[in-house]
Amino acid sequence: MSSFVYGPSATVEPEGFELESATWHQPCPNCPAQAFAWRHEVAEGSINIYRGLRCNACGHFQGTLPGDP
């Protein structure tokens, strides 16, 4: 799912910038299970990118989520 951000500021292109989000599974770095991974682009005054992964099998977590401090 993608969306567009428009604005005259130096951080957003005047003709629009396409925000993209993606999720997938990849091997957990901590155990042999598959972990849920993500990459989200969010407009929060500037374009911020959040990425990480979470493994439900062993509880391993790395990265950030939108809204994290």
Side-chain angles (χ1 to χ4, degrees):
M1 179 176 158
S2 63
S3 59
F4 283 88
V5 175
Y6 298 94
S9 71
T11 58
V12 179
E13 299 169 11
E15 58 277 345
F17 184 85
E18 185 175 6
L19 299 177
E20 296 179 350
S21 292
T23 59
W24 62 92
H25 288 91
Q26 69 182 48
C28 176
N30 220 28
C31 75
Q34 290 290 305
F36 177 77
W38 62 87
R39 183 181 189 280
H40 298 292
E41 294 178 347
V42 181
E44 300 170 319
S46 62
I47 306 300
N48 295 322
I49 298 172
Y50 296 92
R51 64 182 111 202
L53 65 85
R54 174 178 293 142
C55 179
N56 291 332
C58 71
H60 180 74
F61 175 85
Q62 66 185 49
T64 55
L65 293 167
D68 283 353

- Query: Where is the tightest heavy-atom contact between Trp38 and Thr23, given as atom of each residue plus distance?
  - Reply: CB-CG2, 4.1 Å

- Item | Contact summary for Glu41 and Leu19, nearest pair of heavy atoms | OE1-CA, 3.5 Å

- Query: What's the shortest heavy-atom distance between Glu44 and Tyr50, and which atoms?
  - Reply: OE1-OH, 2.6 Å

- Sequence-distant partners of His25, side chain to side chain donor-acceptor pair (under 3.5 Å), two or more places apart: none

- For Gln34, enumerate each residue passing the side chain to side chain donor-acceptor pair (under 3.5 Å) test, keeping only those at least two apart in sequence or located in another chain. none

- For residues Pro29 and His60, determine if any side-chain heavy atom of one lies less than 4.5 Å from a side-chain heavy atom of the other. yes

- Might you point out which heavy atoms bring Ala35 and Leu53 nearest each other, and give the distance in Å? CB-CD1, 3.8 Å

- Query: Nearest 0.5 Å, what's the OG1-CZ distance between Thr64 and Arg51?
  - Reply: 8.5 Å

- Would you say Phe36 and Phe61 are hydrophobically clustered, going by side-chain heavy atoms of ILVMFWY under 4.5 Å? yes

